Structure formats: structure tokens, C-alpha cells
Undergrad: 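Have a look at the structure that comes next, please.
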Amino acid sequence: MDAYIFYTQIRLSFLFSFLIIISLSAQIEKTYSLPMVKQGVAVNDQFFYVINNSEIVTYTKDEGKLVNRWKDTTRTIKHLNSGIILNNKLYCTNSNYPEDPMVSSIEVFDPQTLQHIANISFGIYIGSATWVDFYKDHWYVAFAHYTGKGSSENKNNHWTQLVKFTKDWQRVEGWIFPEELINKFDTRSNSGGFITNEGVIYVTGHDNKELYELYFPKMSYTLEWKQTYPIPFEGQGIALDKTEKDFTIFGIIRSENKVVKSVIKR
């Protein structure tokens with residue numbers, strides 16, 4: 001009887017673990033095959049925006065039809081990573097990669113016309129701004145540390161971090177990512193992320209197919225890593241679709257030039 005109970009417990013434990021894996025899976029809602037997808041994506045209620053270095057292309061969310069295209073032919077804007085749409089403005093992170101020192105900024109566009117509106121400089125010369133979000137009246141910008149011509153072999157945790165700014169872009173404070181998570185990011189560290197209305201942070205690594213759930217710490221400057229979710233695309237400039245009731249995110253498969261709309265089952 002004891003042996004029977006023992007093996008029954010093992011089978012139940014295995015089944016429970018399997019159910020946990022299933023519960024953390026991501027369901028693909030739609031896949032869009034596009035001419036070029038390399039950096040990131042932003043999204044609103046009607047469109048999604050593919051961000052490729054000095055180019056932004058607008059597509060419809062229903063069929064993925066081309067709507068508008070902007071390209072900086074002067075190369076003033078060199079390396080757009082990802083962006084968000086807030087109060088009818090598109091905010092994109094930008095860096096002068098691969099120049100040294102690397103200077104990062106936020107570029108602001110009109111999401112309808114894609115006209116460039118403004119440049120917001122951070123005055124930070126050591127890292128690349130990889131993603132931006134807005135939460136509780138403050139801006140949050142993630143930075144990836146680079147040295148030399150873009151490599152980050154000698155990562156500095158003090159600049160692989162999430163930095164908090166006021167509404168008018170005055171720097172307030174910052175948090176570093178856990179060392180064990182930085183090692184999972186890839187050699188270039190975090191490359192995409194967002195903050196939910198509950199204050200939960202989600203980030204991805206450069207080519208990782210995982211989404212990492214983090215929280216702001218109470219008594220520390222290191223973000224708290226709580227959970228990991230598998231995602232059906234490579235970690236790059238992901239976007240949370242805040243117009244959907246479900247936990248819907250847009251990501252990219254760079255190797256196949258695809259944008260993927262997916263629902264994460266948490």
C-alpha cells in the first residue's frame with residue numbers, strides 16, 4: 001500500500017508539473033509575414049508599428065496591410081529599438097550605435113503621419129536605451145550596457161538597469177537587474193519590455209524565447225525576478241497591447257521577418 005501511495009504521488013506530481021507548464025504557455029493569435037522585421041514593435045487600438053533602426057512602418061492589426069512608412073534618410077536617427085504609444089504620440093528609444101560614446105534618447109512621432117516631433121536626450125553616455133514605458137506619472141527607460149563598438153562582454157550592472165524619470169524627463173532613481181537574469185539575457189542584456197497597470201515589469205533577452213516577470217523591490221536597488229514564461233518568438237522589442245482585455249503582446253521573429261500576436265496565459 002505504501003508503495004502504491006508513493007508512486008501515485010509521483011504521478012500526481014508529474015501531472016501537476018505538466019499542468020504548470022501548460023498554464024504558462026503562450027497562445028499565438030495571429031502571425032504577420034512582413035518584408036523586414038529586425039528591432040521592435042509598438043501597438044495601439046488599430047495598428048502596429050514595426051521599428052527597424054532608422055525606419056518605422058505602420059500596419060493594420062486585422063490583416064497586416066501596409067499603411068504608412070517613415071525613414072530617416074539623413075541618418076540622424078540611427079538605431080530605434082522599440083516604442084510605446086501614449087496620448088496619441090509614438091515614443092521610440094534611440095541610440096547612436098555603434099559610435100562610442102553611445103548617446104541615447106527618445107524620439108517622438110505622430111502615430112498617424114509618422115512625422116518626427118521631438119528629440120528627448122537623457123545625457124547618458126554609457127548605454128543604449130532599449131525600451132520605454134510610462135507608469136504612475138513617471139517614465140521608465142531600460143538601458144543595456146555597451147563598451148567599445150557595441151559589445152558588452154564586460155557588462156556593468158550599474159548600467160544594465162531600469163531608470164525612472166519624471167514627466168519632464170528629470171532622472172529620479174534606478175534599479176539594476178538580478179545578476180542571474182543578466183546572464184540569461186544574452187551578451188547584449190535586456191532588449192524589450194513593458195510595465196503593466198499593476199506595476200509588474202516584463203522583460204525579454206535579446207534572442208531569448210522567454211518573458212521574465214519582475215517586481216520593484218521594497219528595500220533594495222535590485223529588481224525582484226519572480227517568474228519566467230515561454231513565448232513563441234525571440235526576445236526583442238516586444239509590446240503590450242493595452243487595448244485588449246487579455247494579456248496580449250506583440251513580438252517579432254527576426255529570422256523569419258514575422259510579427260506575432262500572442263496571448264500569455266499567466
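None of these values were measured; they are calculated from a predicted model.
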Undergrad: Under 3.5 Å, is there a donor on one side chain and an acceptor on the other for Y202 and E213?
TA: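 Yes, side-chain donor-acceptor contact under 3.5 Å.
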Undergrad: Taking salt bridge (charged side-chain N to carboxylate O under 4.0 Å, His left out) as the test, write out the residues that go with K218, two or more places apart.
TA: none
Undergrad: Do you see a donor-acceptor pair shorter than 3.5 Å between the side chains of W139 and D133?
TA: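 No, no side-chain donor-acceptor contact under 3.5 Å.
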Undergrad: Rounded to the nearest 0.5 Å, how far apart are OG of S54 and CD1 of I77?
TA: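 Taking OG in S54 and CD1 in I77, the distance rounds to 8.5 Å.
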Undergrad: If the condition is side-chain contact (heavy atoms from CB on, under 4.5 Å), which residues does K209 pass it with, not counting sequence neighbours?
TA: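 Testing K209 for side-chain contact (heavy atoms from CB on, under 4.5 Å), a comparison that skips the adjacent residues, returns E234.
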Undergrad: Restricting to salt bridge (charged side-chain N to carboxylate O under 4.0 Å, His left out), what partner residues turn up for K89, sequence neighbours left out?
TA: none
Undergrad: Do the side chains of K61 and D45 get close enough for a salt bridge, i.e. N-O under 4.0 angstrom?
TA: no
Undergrad: Regarding R254 and D207, does a basic nitrogen lie under 4.0 Å from an acidic carboxylate oxygen?
TA: yes
Undergrad: Under the salt bridge (charged side-chain N to carboxylate O under 4.0 Å, His left out) test, which residues partner E55, sequence neighbours left out?
TA: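 Applying salt bridge (charged side-chain N to carboxylate O under 4.0 Å, His left out) to E55 gives R69.
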Undergrad: Under 4.0 Å between a side-chain nitrogen and a carboxylate oxygen: does that hold for K242 and E244?
TA: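 Salt bridge flag = no for E244 with K242.
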Undergrad: Regarding Y229 and Q227, do their side chains bring together a donor and an acceptor under 3.5 Å, going by distance alone?
TA: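 No, Q227 and Y229 have no side-chain donor paired with an acceptor closer than 3.5 Å.
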Undergrad: Could you grab the distance from atom CG of L90 to atom CD1 of I84, nearest 0.5 Å is fine?
TA: 9.0 Å
Undergrad: For the backbone of L114 and the side chain of D110, can you confirm whether one donor and one acceptor N or O come within less than 3.5 Å of each other?
TA: no
Undergrad: Residues in salt bridge (charged side-chain N to carboxylate O under 4.0 Å, His left out) with K38, at least two apart?
TA: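 Partners of K38 under the salt bridge (charged side-chain N to carboxylate O under 4.0 Å, His left out) test: none.
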Undergrad: Indicate yes or no: at least one non-hydrogen side-chain atom of W131 is less than 4.5 angstrom from one of N190.
TA: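 Side-chain contact under 4.5 Å: yes.
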Undergrad: What's in the same ILVMFWY side-chain cluster as V259, cut-off under 4.5 Å, chained through other members?
TA: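 When side chains under 4.5 Å apart are linked, the cluster holding V259 also contains Y32, L34, V37, V41, V43, F48, V50, V57, Y59, L66, F250, I252.
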Undergrad: Is a side-chain N or O of N81 found less than 3.5 angstrom from the main chain of G237, in a donor-acceptor match?
TA: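 Between the backbone of G237 and the side chain of N81 there is no qualifying donor-acceptor contact (under 3.5 Å).
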Undergrad: Are F134 and Y49 grouped together when hydrophobic residues (ILVMFWY) are joined by side-chain heavy atoms under 4.5 angstrom apart?
TA: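 No, F134 and Y49 fall in different hydrophobic clusters.
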